[in-house]
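In what follows, residues are counted from 1 in the order of the sequence shown.
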Amino acid sequence: LTQDELKKIAAYKAVEFVESGMVLGLGTGSTAKHAVDRIGELLRQGKLNNIIGIPTSKKTQEQALSLGIPLSDLDNHPTVDLAIDGADEVDPHLNLVKGRGGSLLREKMVEGACKKFVVIVDESKLVKYLGGSGLAMPVEVVPFCWKFTAKKLQKLFEDSGCVAKLRNDCKGEPFVTDNGNYVVDLYLKKDIGDLQVASDAILRIAGVVEHGMFLDMATTVIVAGELGITIKNK
Ligand code: DER
């Protein structure tokens, strides 16, 4: 099975949790895309109705619009019944790294407002500790003096061999989020220890808007692997 087929399997499994009448958080990324497509298909077939989608990015908003999924936002629906989204890393306690697609702020707002947050991943996303994949740990920062903020972030985790890099787009310009901010990616060589302490320290830096660690937020993680589907509950 290809990685994308595994992502689709996890996504379709998660959509089985969707009931008519729900207010749904619609995730962002290549795995969540399958879930949104599936929801659109079930709506079209009449197997689901009265769904209201709360998108976690402009990209997902466009996808949902093209599928005819009715949309709203957190101002009108401050409580969300269920959110389905992917993740970049999942640790054994169901803590996540998200945001390599750059949508972490809106994702964290929506997923922080939901009763159930179902995460969908292929098995390659499982890590022993957050940052353990050696891939980016995203932090959304204001563009104003981003170098100043990046230096503070790098210093914060210098014991973990942290390197902070501004994320650029394909044209070599700074990547700009849906909210008009920049993303500084942290590359860690070692475990950063207590995640809540790390999270609080990051958020104390004035130029930081939000970070990509989603701690104690996932209620269920659906993992699609070569040997089948594993469902992990909080
Ligand atoms: O950027 C994000 O937050 C995405 O949801 C990411 O965490 C998962 O993206 P993927 O499903 O394309 O791997």
Side-chain angles (χ1 to χ4, degrees), residues 2-4 6-8 11 25-37 40 53-67 69 71 73-74 84-89 96-111 119-122 124-125 127 130-158 160-189 202-203 205-214:
T2 65
Q3 188 182 25
D4 193 56
L6 291 175
K7 291 180 174 183
K8 189 170 180 178
L26 303 177
T28 298
S30 60
T31 312
K33 180 185 175 303
H34 288 304
V36 175
D37 280 341
I54 313 289
T56 55
S57 66
K58 290 179 183 173
K59 194 162 175 236
T60 297
Q61 181 174 343
E62 280 150 35
Q63 178 194 4
L65 280 173
S66 71
L67 293 163
I69 299 173
L71 297 179
D73 61 24
L74 289 176
I84 300 175
D85 202 353
D88 297 301
E89 292 183 3
L96 317 173
V97 168
K98 286 180 56 50
R100 281 188 203 134
S103 317
L104 63 130
L105 177 62
R106 297 192 182 190
E107 290 173 336
K108 199 177 266 192
M109 288 177 72
V110 173
E111 285 140 25
V119 176
I120 47 179
V121 292
D122 66 274
S124 73
K125 307 297 186 65
V127 294
L130 294 195
S133 68
L135 300 171
M137 165 86 73
V139 181
E140 184 156 340
V141 303
V142 294
F144 172 74
C145 288
W146 66 267
K147 286 193 187 92
F148 172 74
T149 303
K151 278 204 186 81
K152 279 187 171 282
L153 286 165
Q154 184 159 295
K155 181 129 180 63
L156 198 54
F157 299 115
E158 63 185 350
S160 301
C162 176
V163 174
K165 284 189 187 143
L166 179 73
R167 186 181 298 185
N168 291 324
D169 63 18
C170 45
K171 297 190 284 301
E173 297 296 315
F175 170 83
V176 179
T177 69
D178 285 348
N179 320 299
N181 296 315
Y182 287 174
V183 174
V184 169
D185 285 317
L186 306 182
Y187 294 88
L188 301 156
K189 292 191 178 55
I202 293 171
L203 295 173
I205 299 172
V208 166
V209 176
E210 189 48 82
H211 60 70
M213 290 191 288
F214 286 46

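- Across all their heavy atoms, Val110 and Gly25 have their closest contact at CG1-CA, 3.7 Å.
- Of all non-hydrogen atoms in Pro143 and Gly180, the two that sit nearest each other are CG-O, 3.5 Å.
- Residues Glu158 and Lys155 are in side-chain contact: their nearest non-hydrogen atoms beyond the backbone lie under 4.5 Å apart.
- Among residues at least two apart or in separate chains, side-chain hydrogen bond (donor to acceptor under 3.5 Å, both in side chains) pairs with a member in residues 131-148 are Glu89-Ser133, Arg100-Ser133, Glu140-Thr177, Glu140-Asn179, Glu140-Asn181.
- Between Glu210 and Leu203, some side-chain heavy-atom pair lies under the 4.5 Å cut-off.
- Panel note: side chain Lys98, backbone Ser103; no donor-acceptor pair is recorded below 3.5 Å.
- The nearest pair of heavy atoms linking Ala136 to Val97 is O-CG1, 3.9 Å.
- Smallest separation of non-hydrogen atoms from Ala87 and Val119: CB-CG1, 3.7 Å.
- At a threshold of 4.5 Å between non-hydrogen side-chain atoms, the residues Leu26 and Leu71 count as touching.
- Rounding to the nearest 0.5 angstrom, the gap separating the CZ atom in Arg106 from the CD1 atom in Ile54 is 12.5 Å.
- In this structure, the side chains of Phe214 and Glu107 come closer than 4.5 Å at one or more pairs of heavy atoms.
- In terms of the side-chain hydrogen bond (donor to acceptor under 3.5 Å, both in side chains) criterion, residue partners of Ser124 (sequence neighbours excluded) are, by chain and number, Gln3, Asp122.
- Side-chain N or O atoms of Asp178 include one that pairs as donor or acceptor with a backbone N or O of Lys58 at under 3.5 Å.
- Side chain of Asp88 to main chain of Gly99: a donor-acceptor pair is present (N/O by atom type, distance under 3.5 Å, no hydrogens or angles).
- Across Gly27 and Thr60, no two heavy atoms sit closer than the pair O-OG1, 2.8 Å.
- Distance check, rounded to the nearest 0.5 Å: CG of Leu74 to CE of Met109 gives 5.5 Å.
- Atom OG1 of Thr31 and atom NZ of Lys7 lie 4.0 Å apart (nearest 0.5 Å).
- Counting heavy-atom neighbours within 6.0 Å of Lys8 NZ, excluding the residue itself, gives a total of 12 or less.
- Here the shortest heavy-atom pairing between Ala32 and Asp85 reads CB-OD1, 3.8 Å.
- Between the CE atom of Met213 and the CG atom of Leu96 there is a distance of 11.5 Å, given to the nearest 0.5 Å.
- Looking only at side-chain heavy atoms (C-beta outward), Ile205 and Leu156 come within less than 4.5 Å of each other.
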inquiry  = What verdict does the side chain to side chain contact (heavy atoms under 4.5 Å, CB included) test give for Thr149 and Val184, after you've listed the backbone C-alpha separation in whole Å, the side-chain angles of each residue and the deciding distance to 0.1 Å?
reply    = CA-CA 9 Å; Thr149 303; Val184 169; 5.8 Å; no

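- Glu111 places a side-chain heavy atom less than 4.5 Å from the side chain of Thr56.
- Residues meeting the side-chain hydrogen bond (donor to acceptor under 3.5 Å, both in side chains) test with Gln61, sequence neighbours left out: none.
- The structure places CG of Leu135 at 13.0 Å from CG of Leu186, a figure rounded to the nearest 0.5 Å.
- How far OG1 of Thr2 is from CG of Leu6: 6.5 Å, rounded to the nearest 0.5 Å.
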- request: Before giving the answer on side chain to side chain contact (heavy atoms under 4.5 Å, CB included), spell out for Asp4 and His34 the whole-Å C-alpha distance, their side-chain angles and the decisive distance to 0.1 Å.
  value: CA-CA 9 Å; Asp4 193 56; His34 288 304; 2.9 Å; yes

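- Atom NZ of Lys125 sits in a crowded spot, with more than 12 heavy atoms from other residues, nucleotides or ligands closer than 6.0 Å.
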